[in-house]
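Have a look at the structure below, then the notes.
Convention: sequence-line order gives letters A, B, ...; per-chain numbering from 1. Worth saying up front: this structure is predicted, and the values here are computed from it rather than measured.
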Amino acid sequence: MLEAEAARALIADRALYRKIANVHAPDSWFLKRGLTPRMARSILPGLALTAARRRGKLLMIDTASSSADGPVLAMHLGMSGRILVDGEAAGDPLLYAANGDNPKWRRFGLKFADGGTLYVRDPRRLGAVELDPDEDRLGPDAATVKLGYVRGILERSHAPVKAVLMDQSRIAGLGNLLTDEVLFRVGVDPARVAATLTDDEVRAIARAISVTVRTLGTRGGSHTGDHMVARFPGAYCPRDGAPMLRRTVGGRTTYSCSAHQR
DNA sequence: GATGACCTGTGA
DNA sequence: TCACAGGTCATC
């Protein structure tokens, strides 16, 4: 989600009000929910980008012709995707992904009438492009969730707290690393059953979500390694020196401190 | 709600 | 050669 925000800012900064001349869509598998390369090539040229929005990890770019609004161009970066505008990427290098520039990793792109480009570079092909996405499949964005809402979803779930926080239909934007970071900061074990959290813990979590998203968000992305959670086998907690635990929680590799996360 | 598939580059 | 990383989706 932090990468998505960096990408959104890059697009807002550099790609708005530029008219699409051509569409590069060499990978039909990368287009989702019925969109085909042929459709993209017939619909998008002639439109200009008018706004760059984001909900969780989903990037949404509004388009318009001179006379009417066009479709919303939605892009998902998966875990290894990046946006490049005129060949330049936003944010820092990714932690778990290739950062080279093999042309075959360009899964989708727009060529602007002024000669510039916007590309999605995604080595692992887990990203996606679609038109007019259903935004409501996502919960409220993590940057704006309120205490009452967080309390509501936590107290009525018997899943591990980490699984609840990572569920995009409940809160949009918290991925594996960011969720570990939030729980590390508040000292809560990711495997705790959500409904058993105390009100103090729920408050701390709600607060940590917005603080963490904001403080890490100003530094480019959650894959940059700019974290307190030490994510490698045999690591020790940077806060108290206790051994870090490596487990699977909510279906994902999870690191937590054996001492201060309870 | 939990699990495995999807996909592919990386490093051992 | 193989385990592993991640977000999302279909399936149990």
Side-chain angles (χ1 to χ4, degrees), chain A residues 1-8 26-35 54-60 74-83 89 91-108 120-130 133-139 141-142 153-182 190-197 213 216 220-227 229-235 244 246-255:
Chain A
M1 155 190 189
L2 303 175
E3 298 77 13
E5 173 53 26
R8 188 208 61 77
D27 185 357
S28 62
W29 187 89
F30 202 75
L31 309 181
K32 298 292 158 66
R33 294 174 212 275
L35 181 62
R54 178 188 62 74
R55 178 145 160 188
K57 305 163 190 171
L58 185 67
L59 269 176
M60 291 169 290
M75 306 191 242
H76 202 292
L77 299 178
M79 73 156 285
S80 63
R82 312 206 75 183
I83 298 288
D92 303 321
L94 298 176
L95 189 54
Y96 295 117
N99 285 289
D101 190 16
N102 190 327
K104 78 173 185 186
W105 295 338
R106 294 176 185 180
R107 312 295 179 187
F108 182 83
V120 183
R121 181 174 70 204
D122 186 359
R124 287 186 194 164
R125 287 176 84 208
L126 283 170
V129 171
E130 63 181 304
D134 170 24
E135 264 193 74
D136 292 331
R137 67 180 191 243
L138 300 172
D141 188 86
I153 60 173
L154 289 176
E155 72 188 4
R156 82 176 76 96
S157 172
H158 286 246
V161 55
K162 175 169 178 174
V164 178
L165 296 180
M166 279 202 309
D167 178 349
Q168 301 300 299
S169 71
R170 295 198 262 218
I171 297 177
L174 296 182
N176 193 32
L177 276 50
L178 214 37
T179 306
D180 275 3
E181 179 67 25
V182 165
R192 282 276 296 285
V193 171
T196 69
L197 295 169
V213 165
L216 294 182
S222 66
H223 291 174
T224 60
D226 186 10
H227 288 273
V229 178
R231 304 189 72 80
F232 56 92
M244 294 293 287
R246 180 186 186 278
R247 290 171 293 172
T248 296
V249 178
R252 305 236 71 94
T253 300
T254 300
Y255 287 90

Name the pairs: protein N/O against N/O of nucleotides 2-4 of chain B, kept only if under 3.5 Å.
none

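- The CZ-P distance, from A:Phe30 to C:dG7, rounds to 15 Å in whole Å.
- Atom CG in A:Leu177 sits roughly 10 Å away from atom P in C:dA5 (whole-Å rounding).
- A:Ser157 has a side-chain polar atom (N or O) that falls below the 4.0 Å cut-off from OP1 or OP2 of B:dG1.
- Residue A:Arg246 is the one, among A:Leu58 and A:Arg246, whose nearest nucleotide of DNA chain C lies closer to the 5' end (criterion: closest heavy atom).
- Distances shown here put every side-chain N or O of A:Lys32 at or beyond 4.0 Å from the OP1 or OP2 atom of C:dC9.
- For the pair A:Val229/A:Leu177, no side-chain contact is recorded, criterion being any heavy-atom separation below 4.5 Å from C-beta on.
- Between A:Val120 and A:Ile83 the shortest side-chain heavy-atom distance falls below 4.5 Å.
- A:Met166 places its CE atom 13 Å from the P atom of C:dA5, with the value rounded to the nearest Å.
- For C:dG6, the OP1/OP2 oxygens have no side-chain nitrogen or oxygen of A:Ser80 closer than 4.0 Å.
- Closest approach of A:Val249 to A:Pro190, counting heavy atoms only: CG1-O, 3.7 Å.
- Look at CZ on A:Arg82: it is 17 Å from P on C:dG6, rounded to the nearest Å.
- With contacts defined as side-chain heavy-atom distances shorter than 4.5 Å, the pair A:Arg82/A:Glu3 does not qualify.
- Within 4.0 Å (heavy atoms only), A:Lys104 reaches sugar-phosphate atoms of the nucleic acid but no base atom.
- For C:dG6, one of the phosphate oxygens OP1 or OP2 lies less than 4.0 angstrom from a side-chain nitrogen or oxygen of A:Arg231.
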Give me the distances for all protein-to-nucleotides 10-12 of chain C N/O pairs that come in under 3.5 Å?
none

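- A heavy-atom distance below 4.5 Å is not found between the side chains of A:His76 and A:Lys32.
- Counting heavy atoms from C-beta outward, A:Thr253 and A:Arg246 have side chains that approach closer than 4.5 Å.
- C:dG6 atom P lies 5 Å from atom CG of A:Asn176, rounded to whole Å.
- A:Asp180 is not listed as a side-chain neighbour of A:Met166, based on a closest heavy-atom distance of 4.5 Å or more.
- The phosphate of B:dG9 (OP1 or OP2) has a side-chain N or O of A:Trp105 nearer than 4.0 angstrom.
- Across all strands shown, A:Arg156 has no heavy atoms under 4.0 Å from either base or sugar-phosphate atoms.
- Residue A:His76 places none of its side-chain N or O atoms closer than 4.0 Å to OP1 or OP2 of C:dG7.
- Close to B:dT8, at under 4.0 Å from its OP1 or OP2, lies a side-chain N or O of A:Arg125.
- Counting heavy atoms from C-beta outward, A:Pro133 and A:Arg55 have side chains that stay 4.5 Å or more apart.
- Between the CZ atom of A:Phe232 and the P atom of B:dG11 there is a distance of 16 Å, rounded to whole Å.
- Contact between the side-chain N/O atoms of A:Arg137 and the OP1/OP2 oxygens of C:dG7 is not found at any separation under 4.0 Å.
- A side chain to side chain donor-acceptor pair (under 3.5 Å) with A:Thr254 is found for exactly one of A:Arg247, A:Lys162, A:Arg231, namely A:Lys162.
- Residue A:Thr253 has its side chain nearest to C:dG6 when only C:dC9, C:dG6, B:dG9 are considered.
- Atom CG of A:Leu174 is separated from atom C1' of C:dG6 by 15 Å (rounded to the nearest Å).
- Remark: C1' of B:dG1 and CD of A:Gln168 are 16 Å apart, rounded to the nearest angstrom.
- With sequence neighbours excluded, the residues that form a salt bridge (charged side-chain N to carboxylate O under 4.0 Å, His left out) with A:Arg54 are A:Glu5, A:Asp141.
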